[in-house]
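Keep in mind that this is a model prediction, so the values were computed, not measured.
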Amino acid sequence: MMVISRQLICSICFILNAFYSYGQVSTTKLSDKPISLDSTVRFGKLKNGFTYYLKNNNDPKGEVIMKLIVKAGRFHEDEDQSEYAHLLEHVAIRDVEKYRDLVTLLTVQGIDHRARTGRLFTSYYLFVPNSNKEKLNLGLNVLEQWAGAIIIDSSRLDMHRGSIIGELRPNDAYSDWLYNKEGEIILRNTSFPSSDRNKSIEAIKNINIGRLKNFYHDWYRPDLQAAIVVGSFNLDSLENIIQHKFSKLTKPFKSRNPAKAIKKFEYQLSGENQYESIKDSLNTNWRLDVFSKRTNYEFRFRSIKDIYSSFLQNLYESIITKRKTEYERQYQPSFSKYSTRYATNGLASSQISIGFMSVELDQKSASIEDKIFEAVKADVIMHSNFTQQDLQEAKDRLKSTLVISSPSSKELSTEYENHFIYQNAAPSDSARKKLANLINKISLSELQKFANERRNLLENTDFIFVNVPKIHIPEGHKIEKIIEKAYNTPIVKYRSPSEKIYSIKSVVDHNTNPKMNIVENTVGVTTVTFGNNIKVLLKPTTPQSPYFKNRIEVLGFQPILFNQNTELYNKQLLAHNYASMAGTGWHNHFQIEQFKRDNDMQMNFRTDQENFLIDGNFNRKNINDFFKLLFQYIKAPEDDIQAFNYWQKKIKERFSPYGIKDGSNFFHDKIEKIWNPKSPSFNEKDINEISQRELLLAYKEHFSNFDNYTFIITGDFQSSELIHEIAPYLSGLPVFEREGEKIKKWGKRQERRNDTLRYKGIEQSFSALFLPVKIEPTIKNQVILDLVNKAFYERLVKILRLDCYAPGAGGHWISLKDSLYTFQINFNSALGNDGKMVSNSMDEIENLKDQGIDYDWLHSHIKYTTQKFKSQINSFGYFNFWPQFLKESLEQERDYEEYILKYPGILENFISVEDVNRAITDYIKREDLQNFLVLPE
């Protein structure tokens with residue numbers, strides 16, 4: 001479902017009453033006059049040109065968003081300053097006059113900080129939870145430093161140089177290549193400039209510090225800057241402070257005109273189509289990618305006319321997105337991918353709305369034109385015969401987005417940012433509920449006309465054939481004739497290919513009086529053991545925001561056993577995975593996926609290093625549907641050859657050379673296999689060799705036994721109520737003793753090793769280093785190790801950022817039972833540079849051991865860690881502490897109740913500088929270093 005942006009929500013509100021006299025609104029009658037800024041925003045411009053926006057807002061309570069916006073970005077760079085706007089952003093985040101270690105200072109104060117560089121701007125952001133006078137003053141000081149006190153130090157540019165070059169290196173080289181290759185074609189006839197990554201890399205490798213300083217002095221000036229502060233604070237007091245601080249900023253004697261940069265930002269749609277072909281050496285399938293370019297009315301809106309057009313676009317996209325989702329709910333649709341919004345962030349800075357349709361072509365020239373015809377015909381059907389019901393449903397979705405509770409501080413800050421950069425409207429929020437009156441004016445004929453113009457593939461459309469030999473590619477005029485033929489073919493009424501389901505049939509044999517044992521402990525965890533020995537842990541916590549109210553999360557796990565039969569073991573793994581992509585005997589995969597989307601529900605079947613997992617989340621009111629659906633999967637998988645073929649195709653794509661490769665997850669399975677050959681995974685050979693009949697037999701056997709299953713249920717609920725709702729389901733699960741041994745082995749986790757793994761589709765190296773060590777897992781040691789981790793992270797990340805944008809460092813318990821812990825380092829690197837980075841890491845570890853931490857560091861980190869610990873055990877949001885913590889505690893036989901009760905007291909009262917420094921010396925050991933290097937194949 002398309003959701004309209006918050007800034008757009010507010011923008012229409014200002015003078016809605018002007019429309020109420022119209023029976024049907026015509027865009028030609030709408031005002032082009034810019035809408036005034038919300039009068040409740042404290043807006044000002046100082047004598048030096050510096051701008052500020054201040055807004056009191058108490059949603060969420062106690063939070064403050066602070067931003068410094070500089071109207072200077074990549075388009076302000078001269079030819080010899082490529083990527084310097086980005087470089088200056090990196091410098092500013094770390095190097096300012098007043099704070100020599102700004103990142104650490106903000107982190108220990110619990111202030112989230114980030115920055116981003118666009119084509120016309122650079123944005124610096126501070127998120128201050130639990131704000132107070134001290135934090136607000138710190139935030140304003142940081143904004144002031146970013147505005148006029150950035151230190152450009154030649155001795156520190158190496159770190160920023162390496163970080164940016166690392167950021168410019170794509171983790172997933174294949175996806176990046178395809179996006180850029182097609183992006184160059186898409187932008188070619190728009191007059192919008194495309195970026196040259198090689199030029200950027202060379203410019204950063206050879207930084208001219210003088211020209212970097214020139215960029216800073218030319219563009220970081222008060223008349224191009226704004227401070228935005230939204231949240232809970234005293235407006236008068238804050239305005240006085242801002243006026244005092246930022247009035248000291250001075251403009252250069254001679255100011256450069258930004259008109260050239262703004263001119264670059266303009267684009268044109270010529271109306272011409274483009275026909276191109278490219279070669280893809282990794283994904284060798286023949287296909288056609290179709291990109292339609294249209295004006296994005298949701299990018300820039302200053303007047304009521306702009307906003308009305310954006311409403312039309314939103315309603316159109318809402319209907320098409322719903323229809324294309326329904327259309328894709330079949331095993332062989334006419335197109336493989338479809339979107340009304342392709343890559344709008346990267347291409348032309350979201351000014352162009354790009355439609356995307358990918359058509360898989362058989363490697364037969366005779367069928368190419370037929371495939372194109374069928375895809376275009378499907379596109380026409382989706383765009384045609386909009387009904388009054390379609391329109392009303394889209395309006396209702398739009399209204400439900402508009403008529404919401406008060407906007408958050410983050411949403412408001414984004415509106416004011418876009419008001420400053422693009423002069424977009426940001427009016428009062430008081431009239432939002434009246435939006436329904438305007439939406440009701442949009443007629444079906446008006447929307448259908450908009451859709452007809454939007455779907456016209458005869459103009460502003462690019463057809464990119466991938467891997468198809470040129471001799472087989474139809475010429476441009478032939479493609480246009482195919483499109484015209486599809487347009488002139490009688491249009492059938494649109495019907496969803498898959499019948500929608502509204503409820504889940506119960507297939508559970510209810511046990512009316514299930515036997516259960518209930519125990520509650522002092523940290524609020526209730527443990528229920530049913531008569532079949534299924535164990536359930538329930539831990540309610542407080543939601544962090546209204547979205548998570550009444551949300552429930554379920555995590556079920558069962559230890560994987562190996563009974564010396566490798567073939568059977570692999571079939572069990574495949575069977576468990578099949579549930580994630582199949583349907584059931586009552587509903588197919590696509591019906592279930594739509595039902596889950598409609599009800600904001602998730603359910604997944606997966607494995608970790610030693611368990612079969614079933615996890616998911618849902619709203620409290622849908623608890624019965626969740627468990628009914630789970631039992632449908634258990635009782636009967638979808639027995640359809642198309643479902644089996646679809647599963648095979650999708651899972652094989654994961655092993656393909658063009659499969660997604662990002663971070664360290666894509667190669668971690670291979671590392672697990674080195675540590676433990678029985679670690680759960682499968683390969684393309686296993687998938688190719690199993691038949692549908694074999695898979696279904698393995699599936700039914702696998703889900704016929706829930707021996708040793710534990711379910712952890714967390715979220716917003718009352719345990720006493722929930723127990724009786726889940727009892728009929730979980731108490732009836734079949735359980736009998738399984739044969740085999742647990743697959744987890746730790747023997748290879750403490751042997752020194754140096755392994756190289758190779759993958760296609762990457763153009764750099766990735767490294768994962770592990771430093772395992774034996775440590776007695778007392779609660780005090782666990783507390784100390786959390787602090788050592790922070791010191792380890794801070795030191796290692798600083799040195800690794802010399803060559804990498806986003807390195808990782810930290811530690812975790814491998815096994816509490818076996819007293820086995822490991823520190824870990826992750827980074828990517830230019831080919832051939834990984835050895836130097838490993839050496840630098842080892843040197844920095846020795847520096848950390850020699851220098852240790854001091855009292856000030858410990859005091860601030862204890863305060864920060866205590867606040868974080870108390871917050872995560874008492875509330876949940878996008879991060880939920882309890883499921884994984886309880887699972888690991890049960891697996892490792894940890895007394896989690898004692899841990900929760902004692903952790904904060906030990907942290908605050910019984911940890912000394914000597915304790916942490918001794919642990920740094922004793923526990924970070926290099927003797928058993930395990931170095932895994934990932935290189936291109």
Stepwise salt bridge (Lys or Arg N to Asp or Glu O under 4.0 Å) test for Arg918 and Glu914: CA-CA 6 Å; Arg918 188 182 308 113; Glu914 291 75 22; over 6 Å; no
Stepwise side-chain hydrogen bond (donor to acceptor under 3.5 Å, both in side chains) test for Asp755 and Asn931: CA-CA 6 Å; Asp755 295 82; Asn931 184 3; over 6 Å; no
Can you give each donor-acceptor pair under 3.5 Å made by side-chain atoms of residues 88-104, sequence neighbours left out, with the distance rounded to 0.1 Å?
unit_1 : atom_1 : unit_2 : atom_2 : d
Glu89  : OE1    : Thr117 : N      : 3.3
Glu89  : OE1    : Thr117 : OG1    : 2.5
His90  : ND1    : Ser163 : OG     : 3.4
His90  : NE2    : His86  : NE2    : 3.0
His90  : NE2    : Glu167 : OE1    : 3.0
Asp95  : OD1    : Arg156 : NE     : 2.7
Asp95  : OD1    : Arg156 : NH2    : 2.6
Asp95  : OD2    : Arg156 : NE     : 3.1
Asp95  : OD2    : His160 : NE2    : 2.8
Tyr99  : OH     : Asn141 : ND2    : 3.4
Asp101 : OD1    : Thr104 : OG1    : 3.2
Asp101 : OD2    : Thr104 : OG1    : 3.2
Asp101 : OD2    : Lys798 : NZ     : 3.2

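Ring-centre distance between Phe666 and Phe766: below the 6.0 Å cut-off.
Between the side chain of Ser413 and the main chain of Lys410, a donor-acceptor pair closer than 3.5 Å is present. Side-chain atoms of Lys539 do not come within 3.5 Å of backbone N or O of Ser719 as any donor-acceptor pair. A donor-acceptor distance shorter than 3.5 angstrom exists from the side chain of His861 to the backbone of Trp857, with no hydrogens or angles considered. Between the side chain of Arg758 and the backbone N or O of Pro936 there is at least one donor-acceptor pair closer than 3.5 Å.
To the nearest 0.5 angstrom, Gln750 atom CD is 11.0 Å from Glu927 atom CD. Expressed to the nearest 0.5 Å, how far CG of Leu757 lies from CG of Leu933 amounts to 8.0 Å. One finds the CG atom of Asn789 at 10.0 Å from the OG1 atom of Thr865 (value rounded to the nearest 0.5 Å). With rounding to the nearest 0.5 angstrom, the CD1 atom of Ile924 is 8.0 Å from the CG atom of Leu771.
Residues Trp813 and Leu816 share a closest heavy-atom pair of CD2-CD2, 3.5 Å. Pro883 and Ile712 get closest at one heavy-atom pair: O-CD1, 3.6 Å. Here the closest heavy-atom approach between residue Ser767 and residue Asp834 is recorded as OG-CB, 4.0 Å. Taking all atoms of both residues into account, the shortest heavy-atom contact from Leu105 to Val108 is O-CG2, 3.3 Å.
For Phe879, the CZ atom sits in a packed shell: over 12 heavy atoms of surrounding residues, nucleotides or ligands are nearer than 6.0 Å. Few gaps surround NZ on Lys849; more than 12 heavy atoms of other groups in view lie less than 6.0 Å from it. Heavy-atom contacts from other residues, nucleotides or ligands closer than 6.0 Å to NZ of Lys742 number 12 or fewer. Annotation for Tyr805: atom OH does not count as buried by contact number, only 12 or fewer foreign heavy atoms lying within 6.0 Å. At most 12 non-hydrogen atoms from other residues, nucleotides or ligands lie less than 6.0 angstrom from NZ of Lys205. For NZ of Lys673, the number of neighbouring non-hydrogen atoms (other residues, nucleotides, ligands) closer than 6.0 Å is greater than 12. Within a 6.0 Å radius of OH in Tyr793, no more than 12 heavy atoms belonging to other residues, nucleotides or ligands are found. Within 6.0 Å of the NZ atom in Lys535, the count of heavy atoms belonging to other residues, nucleotides or ligands does not exceed 12.
Between Arg801 and Asp158 there is no salt bridge, since no side-chain nitrogen of the basic residue lies less than 4.0 Å from a carboxylate oxygen of the acidic one. Salt bridge Lys744/Glu891: absent, no basic N to carboxylate O contact under 4.0 Å. Salt-bridge check for Arg753 with Glu751: passed, with a basic side-chain N closer than 4.0 Å to an acidic carboxylate O. In summary, Arg114 and Asp112 engage in a salt bridge, as defined by a charged side-chain N under 4.0 Å from a carboxylate O. Residues Asp818 and Arg749 are not paired through a salt bridge, judged by the lack of any N-O separation under 4.0 Å between the basic side chain and the carboxylate.
In this structure, the side chains of Lys748 and Asn676 stay at 4.5 Å or more apart for every pair of heavy atoms. In this structure the side chain of Arg116 never reaches within 4.5 angstrom of the side chain of Tyr124, judged on heavy atoms. Taking the side chain as every heavy atom from C-beta outward, Asp615 and Phe605 never approach each other to under 4.5 Å. Using a 4.5 Å cut-off on side-chain heavy atoms (C-beta onward), Asn781 and Tyr923 make contact. Put simply, the side chain of Asp843 does not reach to within 4.5 Å of the side chain of Ile799, judged on heavy atoms.
A side chain to side chain contact (heavy atoms under 4.5 Å, CB included) with Asn880 is found for one member of Gln544, Glu553, Arg551 and no other, namely Glu553.
Note: Trp882 and Phe885 have perpendicular aromatic rings, judged against thresholds of 30 and 60 degrees for the angle between ring planes. Between Tyr903 and Phe869, the ring-plane angle classifies as parallel under the 30° and 60° cut-offs.
Judged by the 6.0 Å distance and 45° axis criteria, Lys678 is positioned over the aromatic ring of Phe562.
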